There are 2 protein chains.
Amino acid sequence: MISNSSKYAIKAVLFLAIHSDEEHKIMVKDISEPINVPQAYIAKLLQELAKQKLISSTRGPKGGFYLSEEDKKRNVMDIVNVIDGEKRLNACLLSLERCNSDNPCPIHHLANQSRVVLMKKLKKTTINELALDVKKGKSKLPL
Amino acid sequence: MISNSSKYAIKAVLFLAIHSDEEHKIMVKDISEPINVPQAYIAKLLQELAKQKLISSTRGPKGGFYLSEEDKKRNVMDIVNVIDGEKRLNACLLSLERCNSDNPCPIHHLANQSRVVLMKKLKKTTINELALDVKKGKSKLPL
DNA sequence: TCTTAAATATGATTTAAATCATATTTTAGA
DNA sequence: TCTAAAATATGATTTAAATCATATTTAAGA
Ligand code: FES
Ligand code: FES
């Protein structure tokens, strides 16, 4: 449903939300270890996120990745969409071509409500909000 | 979240629920085509389901797969558990070792409710109920 | 009891996701 | 302007899931 890559991306972005800003950029090697994702792997994901403008970066010495204030207002779904593609979460749970209520598969009625609720929450929850939860101790980041 | 194999298994079991019983067994080759799953692939899955007693089968001429009345009372989650293993649906959505509310990952609060609701429904909905839906036209099987 | 039709057991191959590796480009600072 | 430190671009390798292939076992019916 959500790929491993997306999970890693979310972890990395949250890490940046908590520890970085315009003045405090962070290098991949200092991100990969605390979030427990191989450096070369998370590097590739961060590059993709940067290319799609979900996170910010600068090259060269003193460079690194960070989240601008704008970046922090992004929602979680944006990350999943960039890494996994838009279709993934909307796909039928039994692999029908299109999932819709007019031509529902046998478990559509069973599962669709949960999925809709989840997707709404992923869309309306910002990176900032999740980062705040972690800072307040309501959730834990080092995974 | 739910593997392809599990999806195929669910489709096959529902097909059996609708078209088979003790007196009307069905061969793999007559199952694979209507549910649109490669024969050798679904054969392997059906064999596993039969071994775990989720479906019934007999070998030799006139043999095939079918669902006994008992089999039809199974719930959907049983199938997923047999094919994917019990852990899969209970796993943390961000790949934490254990998912629990005492040590929640950043999206636990966001996602857990939806997952719990989904899992409850998967547990309490029987194969028979889903098959009835299809028969009544409330949902569609040929996928 | 022989033949044949079916599931079963087992393993090989393919494919897509995950992971790793490295040459290139940019930029800060000497 | 040179050097070094960082991201970027690109592609190779590995791994797990999906898919395919086939020899073996069982049972019905002639
Ligand atoms: S049609 Fe299958 S989940 Fe909607
Ligand atoms: S701890 Fe991550 S989903 Fe529960």
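Within every chain, numbering begins at 1; the chains are lettered A, B, ... in the order of the sequence lines, protein sequences first and strands thereafter. Fair warning: this is a prediction, and the values are worked out from it, not measured in the lab.
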Could you check which of D:dA18, D:dT19, C:dA9 has an atom nearest any side-chain atom of B:Lys51?
C:dA9
Tell me the interatomic distance from A:Tyr41, atom OH, to D:dT10, atom P, rounded to whole angstroms.
20 Å
Would you jot down, in residue-number order, the residues of residues 76-86 of chain B having a non-hydrogen atom under 4.0 Å from DNA chain D?
none
In this structure, how many angstroms lie between the C1' atom of C:dA17 and the CD atom of A:Glu48, rounded?
15 Å
Shortest side-chain distance from B:Asn4, nucleotide among C:dT19, C:dA18, D:dA18
D:dA18
Among residues at least two apart in sequence or on other chains, which ones pass side-chain contact (heavy atoms from CB on, under 4.5 Å) with B:Asn75?
B:Met77, B:Asp78
Tell me, please, which residues at least two apart from A:His109 pass ring-ring contact (aromatic ring centres under 6.0 Å, His included).
none
Without decimals, in angstroms, what is the distance between B:Gln47 CD and C:dG11 C1'?
13 Å
Mark yes or no for whether B:Lys11, through its side chain, and B:Ile35, through its backbone, hold a donor-acceptor pair below 3.5 Å.
yes
Counting any heavy atom closer than 4.0 Å, what does A:Leu45 reach on the DNA or RNA strands: base, sugar-phosphate only, or nothing?
nothing
Applying salt bridge (charged side-chain N to carboxylate O under 4.0 Å, His left out) as the test, list every pair that has at least one member in residues 101-121 of chain A; sequence neighbours left out.
none
By the salt bridge (charged side-chain N to carboxylate O under 4.0 Å, His left out) test, which pairs, at least two apart or in different chains, include something from residues 25-51 of chain B?
none
Map B:Pro38 and A:Ala43 onto DNA chain D by nearest heavy atom, then report which one ends up closer to the 5' terminus.
A:Ala43
Are B:Tyr66 and B:Ile42 in one and the same hydrophobic cluster, where Ile, Leu, Val, Met, Phe, Trp and Tyr link if side-chain heavy atoms are under 4.5 Å apart?
no
Describe the nucleic acid contact of B:Ile55 in one word from base, sugar-phosphate, nothing, applying a heavy-atom distance below 4.0 Å.
nothing
Can you tell me how far C1' of C:dT8 sits from CG of B:Leu49, to the nearest Å?
14 Å
Residue pairs passing the ring pair (Phe, Tyr, Trp, His ring centres under 6.0 Å) test where at least one lies in residues 35-60 of chain A, sequence neighbours excluded:
A:Tyr8-A:Tyr41
Check: protein-nucleotides 13-16 of chain D nitrogen or oxygen pairs below 3.5 Å:
none

Given D:dA9, D:dT8, D:dC20, which nucleotide is nearest the side-chain atoms of A:Phe65?
D:dT8
Taking only residues two or more places apart in sequence or in another chain, which ones pass salt bridge (Lys or Arg N to Asp or Glu O under 4.0 Å) with B:Lys53?
none
Picking from A:Leu132, A:Leu14, A:Asp133, what satisfies side chain to side chain contact (heavy atoms under 4.5 Å, CB included) with A:Ser139?
A:Asp133
Run the ring-ring contact (aromatic ring centres under 6.0 Å, His included) test against B:Phe65 and tell me which residues pass, sequence neighbours left out.
none
Residues passing the salt bridge (Lys or Arg N to Asp or Glu O under 4.0 Å) test with A:Glu86, sequence neighbours excluded, are none
Do any side-chain nitrogens or oxygens of B:Ser5 fall under 4.0 Å of OP1 or OP2 in D:dA18?
yes
When the distance from CG of A:Leu46 to P of C:dT19 is rounded to whole Å, what number comes out?
15 Å
Whether each nucleotide of nucleotides 21-30 of chain C has a protein heavy atom under 4.0 Å at its base (B), only at its sugar-phosphate (S) or at neither (-) is summarised, 5' to 3', as B---BBBBS-
Once you round it to whole Å, what is the distance between P of D:dC20 and NZ of B:Lys29?
18 Å
Roughly, in whole Å, what's the span from CD1 in B:Ile2 to P in D:dA17?
15 Å
To the nearest angstrom, how far is B:Met27 atom CE from D:dT26 atom C1'?
16 Å
Would you please name every residue forming a side chain to side chain donor-acceptor pair (under 3.5 Å) with A:Asp84, sequence neighbours left out?
A:Ser3, A:Ser6
For B:Tyr8 and D:dT19, is the shortest distance between a side-chain N/O and OP1 or OP2 below 4.0 Å?
yes
